[in-house]
Each structure stands twice: as C-alpha cells, then as structure tokens.
Amino acid sequence: GAVVSQHPSRVICKSGTSVKIECRSLDFQATTMFWYRQFPKKSLMLMATSNEGSKATYEQGVEKDKFLINHASLTLSTLTVTSAHPEDSSFYICSARQPLAGSLYEQYFGPGTRLTVT
Amino acid sequence: TQLLEQSPQFLSIQEGENLTVYCNSSSVFSSLQWYRQEPGEGPVLLVTVVTGGEVKKLKRLTFQFGDARKDSSLHITAAQPGDTGLYLCAVTFTNAGKSTFGDGTTLTVKP
C-alpha cells in the first residue's frame with residue numbers, strides 16, 4: 001500500500017504559540033489530502049480537505065483562520081494550529097487520496113501527531 | 001442521524017474465538033473501506049470493497065459487501081491478541097471526494 005508520513009509524531013507547545021504539522025505522501029502524488037482530528041476512544045472527525053494548488057475546504061465548525069492548511073506540492077500538505085490553546089490538544093491525522101479505479105479512491109493515513117498544549 | 005452505524009461498539013473476547021462486526025447504512029455506496037487502528041497510530045487500510053455481494057479474504061479476516069451496497073461485515077476467525085484495535089468502516093460517495101467514517105468497533109482479544 002501507499003505510504004504517508006507525518007512529522008512530528010509528538011509535539012508539546014505552550015498556549016498562544018503556533019505549531020506546524022507536515023503530511024507527506026512518500027511514494028505517490030496526492031492532489032487531495034485530508035486532515036482529521038481524533039479524540040480518545042472516538043472515531044475520526046474530518047477537519048478539512050486539502051487540495052494541491054488551491055484553498056482548502058473546511059468542514060462546518062472548523063475555524064479556517066485557526067487551522068491553516070497549505071498544500072503547495074503534490075506530496076506535501078501542512079496544518080498549522082495557530083494560537084494554540086489547551087482545548088486544541090488532540091491526535092491529528094492526515095490522509096492522502098490515491099485513485100483506485102474509475103472515480104473511486106482509497107485513503108492512506110499517516111501515523112498521526114499527538115499535540116499537547118500546556 | 002449517524003450515516004454509518006457500526007456494531008457492536010465494544011467487543012471483548014478470548015483468544016481463539018470468532019467474531020463479526022457490522023457496518024450498516026440506509027444509503028448506497030460506491031465503495032467501502034475497512035481500517036484497523038492501534039492506539040497512538042494512524043488507521044491502516046485493510047480492504048476496499050466495491051461490488052455488491054463481494055467477499056474478500058485477508059488471512060483470518062473475511063469482508064463482505066452487501067448485495068445492495070448499503071452494508072458490510074468483517075468476520076475474524078480464531079482471533080488473536082494482535083487483532084486488538086479499533087476497526088473502522090468508511091464510505092465514499094461518488095463525486096463527493098471525501099470519506100465518512102463510522103464510530104468504530106473497539107476489539108479486545110484477551111490471551
């Protein structure tokens with residue numbers, strides 16, 4: 001299967017600072033990537049769809065000015081959590097979409113980033 | 001209303017037992033994926049099913065897509081502690097471009 005990496009795997013930051021998380025597709029090009037947030041013992045919550053060369057599409061309730069997404073190349077998308085607060089502490093996971101057949105796609109996930117805001 | 005209903009939500013069994021988890025909806029899907037996620041890691045894609053009635057096997061795991069493409073099941077034979085994890089089903093709507101996930105089934109296999 002396709003490989004997606006995330007960096008960093010863990011980050012601790014102080015309240016009010018910004019944190020950037022990188023998501024890379026290592027062995028394929030991804031015009032579309034997704035950013036998810038996951039709370040303990042819960043399923044994935046889609047935050048936004050990252051499109052290469054265009055603006056990200058945010059899900060309802062997700063603040064686009066707080067969670068900045070940049071998809072500058074076909075293998076890299078970044079999520080920047082600006083002015084982080086303790087309630088932003090969570091497990092953030094990205095995925096990259098790869099064509100399967102016709103109009104069908106498969107998603108491959110990164111290993112996730114554990115963000116702790118103190 | 002939850003688009004995808006996964007059941008059971010939690011399942012704890014002994015090593016060697018068989019189990020089935022379900023993913024149901026009232027909508028028709030173009031494809032359905034099953035993932036397994038271990039704590040602190042990202043979900044790993046297990047299988048994609050596309051055709052109604054399709055059955056796929058991955059070692060001790062058997063995946064079935066309903067004839068009407070509205071539901072799916074995952075059956076594990078002779079479960080092992082290494083099967084422990086969160087099992088998620090996800091669907092993609094044609095032309096929608098993004099996936100929707102179920103709430104997951106947390107499986108614990110005790111040695």
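Lettering follows sequence order; numbering is per chain, from 1. Note that this is a predicted model, so its numbers are computed, not measured.
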Check the hydrophobic clustering (I, L, V, M, F, W, Y; side-chain heavy atoms under 4.5 Å; chains of links allowed) and say if [X] and [Y] are grouped together.
X	Y	result
B:Phe63	B:Leu19	yes
B:Trp34	B:Phe29	yes
B:Leu74	B:Phe65	yes
A:Leu44	A:Leu46	yes

Between B:Gly42, B:Ala90, B:Gly104, which residue shows the highest count of heavy-atom pairs closer than 4.5 Å to chain A? B:Gly42
Tell me whether [X] at atom [atom1] has more than 12 heavy atoms from other residues, nucleotides or ligands lying less than 6.0 Å away.
X	atom1	answer
A:His7	NE2	no
B:Glu15	CD	yes
A:Lys66	NZ	yes

Any side-chain heavy atom of [X] sitting closer than 4.5 Å to one from [Y]?
X	Y	value
B:Thr106	A:Lys41	no
A:Gln107	B:Ser99	yes
B:Leu45	A:Tyr108	yes

Donor-acceptor contact present, side-chain A:Ser43 to main-chain B:Gly102, <3.5 Å: yes
Check B:Leu86 against A:Lys42 and note the closest heavy-atom contact, atom names and distance. CD2-O, 4.1 Å
For the residue pair A:Phe91 and B:Gln37, what are the closest heavy atoms and their distance? CE2-NE2, 4.0 Å
Need one label for A:Gln6: side chain, backbone, both or neither, based on atoms under 4.5 Å from any heavy atom in chain B. neither
Run the ring pair (Phe, Tyr, Trp, His ring centres under 6.0 Å) test on A:Phe34 and B:Phe101 for me, step by step, so that the C-alpha distance in whole Å, both residues' side-chain angles and the decisive distance to 0.1 Å come before the verdict. CA-CA 13 Å; A:Phe34 302 94; B:Phe101 284 81; 9.4 Å; no
The interface call for B:Val50 against chain A, heavy-atom contacts under 4.5 Å, is side chain
